[in-house]
Amino acid sequence: FKSMPSTSFRSIVTLAMFAAAAFGALFVATVLFRPRRVWTFPTLFSAPMFIFALSLWGVGLGGGYLLAFNVTGLTPPAFQGARGLWDPDEGRYTNVAMEMMQSGDYFQPHRHHETLHVTKPPVTYWALAASMQSLGRNEWAARLPMALAFILTVLLVFQLGRTFAATRPWLPALIYLSSPLPFFAANIITTDTLLAFAETAAVLAFVRYRFDGKSLRYLDGMWALFGLAFMIKGPPGLLPLLAILAWQWRNGGIKLLFRPLGLLLFMVIGFTWFLLITQQKPELLDYFLHHEVVDRVASAAHDRNSQW
């Protein structure tokens, strides 16, 4: 902004002001007159755009991004109970969590007391069950873990910004919080928002070591957090680790990543549940490796990108 001519800057701020007014009007009108339709697509799109436009306007006046962060902290949890559960994902995840609450068995996920459901590791089900145990069996409580994970991820991105955009550390966080896709995901019960939180925390731990000159203990924390990511969604949780390994290999020091304590934490956090449940039910080993990994990537069994 500082490099822009004053007339251009004023024009951008003026456009942002009108955009904030337009998107804000759509959002507020829906809340007031059609509250049960708050999270339809037009309104979902208007909410992050309103935050971004308001922030851009505020930055032009000075310090407005702080207002944006406050708005973001309030917006994701605000209307989580304004609609029923959407099938198939929200109903499935909530059903498994409620089965855990009813049976008291938090180790083996079930959709029905006779139907084992292990398509995903249990962390998401645990988060939903803990929230509903504390706040009641309702849609707001079921979606709250996703909203909290989104807010925490925004704060983590802000911390990354302090390293990679030191003069404007708020900008990466502002871009993330006003991006429609993460904002949408924070209002839907899936594994993705929790996964983004764990992966971002792991990357931040690596950045603290590699770019901020912090202790090697941060690498142990990185491995522990990747173990948590693996327990949220399995192998997709390790995708940022591939980028980290490639970076370290290209720039030297890849051996430093493989600290015994860090690897132990990764194995304990990421694999204990898989080892114990396959020990109880040996047939699940083939299910995890073949059906959930090989078939998803290299076959049309799940009807995903079958042309490849």
Side-chain angles (χ1 to χ4, degrees), residues 76-77 80-81 85-153 155-156 182 185-202 205 221-240 264-281 284-285 287-288 291-293:
Q80 299 283 28
L85 299 176
W86 285 349
D87 283 332
D89 289 342
E90 289 197 311
R92 180 174 67 252
Y93 286 112
T94 306
N95 169 235
V96 174
M98 293 182 69
E99 280 290 331
M100 286 181 168
M101 295 164 60
Q102 182 173 340
S103 67
D105 182 1
Y106 290 86
F107 182 73
Q108 296 187 15
H110 290 81
R111 293 197 66 178
H112 179 268
H113 67 274
E114 295 181 351
T115 306
L116 192 66
H117 186 73
V118 289
T119 58
K120 296 290 188 295
V123 168
T124 302
Y125 310 132
W126 291 343
L128 268 63
S131 181
M132 289 189 288
Q133 285 278 25
S134 302
L135 302 170
R137 301 188 181 195
N138 54 72
E139 292 91 343
W140 189 87
R143 296 190 183 103
L144 183 61
M146 286 67 214
L148 294 178
F150 176 71
I151 295 169
L152 291 172
T153 304
L155 297 177
L156 292 173
N187 293 275
I188 300 173
I189 301 171
T190 68
T191 59
D192 296 330
T193 304
L194 293 174
L195 179 65
F197 161 71
E199 289 177 328
T200 306
M222 178 197 75
W223 284 108
L225 289 162
F226 274 125
L228 175 61
F230 193 85
M231 269 294 288
I232 292 173
K233 201 169 183 175
L238 305 183
L239 290 175
L264 177 62
L265 290 171
F266 172 72
M267 297 295 293
V268 169
I269 296 172
F271 288 90
T272 299
W273 178 80
F274 287 97
L275 291 174
L276 291 176
I277 200 168
T278 53
Q279 184 180 28
Q280 293 183 6
K281 298 180 180 296
L284 289 179
L285 180 61
Y287 174 82
F288 288 139
H291 182 75
E292 288 296 325
V293 177

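Computed from a predicted structure; not experimentally measured.
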Any idea which heavy atoms bring Ala229 and Leu195 closest together, and the distance? O-CD1, 3.7 Å
Between the main-chain N or O of Arg111 and the side-chain N or O of Thr115, is there a donor-acceptor pair closer than 3.5 Å? no
What pair of heavy atoms forms the shortest contact from Val118 to Pro109, and how long is it? CG1-CD, 4.0 Å
Pairwise side-chain contact, Leu284 with Leu116, heavy-atom cut-off 4.5 Å (strictly under): yes
Contact summary for Pro236 and Glu199, nearest pair of heavy atoms: O-OE2, 3.1 Å
Contacts of Leu264 that satisfy side-chain contact (heavy atoms from CB on, under 4.5 Å) - sequence neighbours left out: Val268
So, the side chain of His110 versus the backbone of His112: is there a donor-acceptor pair under 3.5 Å, distance only? no
Donor-acceptor contact present, side-chain Asp105 to main-chain Gln102, <3.5 Å: no
What's the spacing between Ile232 CD1 and Leu194 CG if we round to 0.5 Å? 5.5 Å
Distance (rounded to the nearest 0.5 Å) between Lys120 NZ and Thr190 OG1: 9.5 Å
Show every salt bridge (Lys or Arg N to Asp or Glu O under 4.0 Å) that has at least one partner inside residues 226-235, sequence neighbours left out. Asp192-Lys233
Just by modelled atom types, is the Phe274 backbone N or O under 3.5 Å from a matching donor or acceptor in the Thr278 side chain? yes
Qualifying salt bridge (Lys or Arg N to Asp or Glu O under 4.0 Å) pairs, either residue in residues 89-104, two or more places apart: Arg83-Glu90, Asp89-Arg92, Glu90-Arg143
Closest approach of Met231 to Pro122 (non-hydrogen atoms, all atoms of both residues): CE-CD, 3.7 Å
To the closest 0.5 Å, what do you measure between CZ (Phe230) and CH2 (Trp273)? 10.0 Å
When you measure from the side chain of Thr94 to the backbone N and O of Gly91, does any donor-acceptor pair fall under 3.5 Å? no
Under the salt bridge (Lys or Arg N to Asp or Glu O under 4.0 Å) definition, can you give me all pairs with a residue in residues 270-279, not counting sequence neighbours? none
When you compare the side chain of Trp126 with that of Met100, does any pair of heavy atoms fall below 4.5 Å? yes
With sequence neighbours excluded, residues passing ring pair (Phe, Tyr, Trp, His ring centres under 6.0 Å) with Tyr287: His291
To the nearest 0.5 Å, tell me how far Thr124 OG1 sits from Ile189 CD1. 10.5 Å
Contacts of Met101 that satisfy side-chain contact (heavy atoms from CB on, under 4.5 Å) - sequence neighbours left out: Tyr106, Ala129, Met132, Gln133, Arg137
With a cut-off of 3.5 Å and sequence neighbours excluded, list every side-chain donor-acceptor pair involving residues 144-151.
none

Gln279: what forms a side-chain contact (heavy atoms from CB on, under 4.5 Å) with it, not counting sequence neighbours? Leu276
Which atom of Phe226 lies closest to which atom of Gly237, heavy atoms considered: CD2-O, 3.5 Å
By side-chain hydrogen bond (donor to acceptor under 3.5 Å, both in side chains), which residues pair with Gln280, not counting sequence neighbours? Gln108
Could you work out, with side-chain contact (heavy atoms from CB on, under 4.5 Å) as the rule, every residue matching Ala201, not counting sequence neighbours? Leu156, Leu225
My understanding is that only residues two or more places apart in sequence, or in another chain, count here; which of them pass ring pair (Phe, Tyr, Trp, His ring centres under 6.0 Å) with Tyr125? Tyr93
Quick one: side-chain hydrogen bond (donor to acceptor under 3.5 Å, both in side chains) partners of Thr119, sequence neighbours excluded? His117
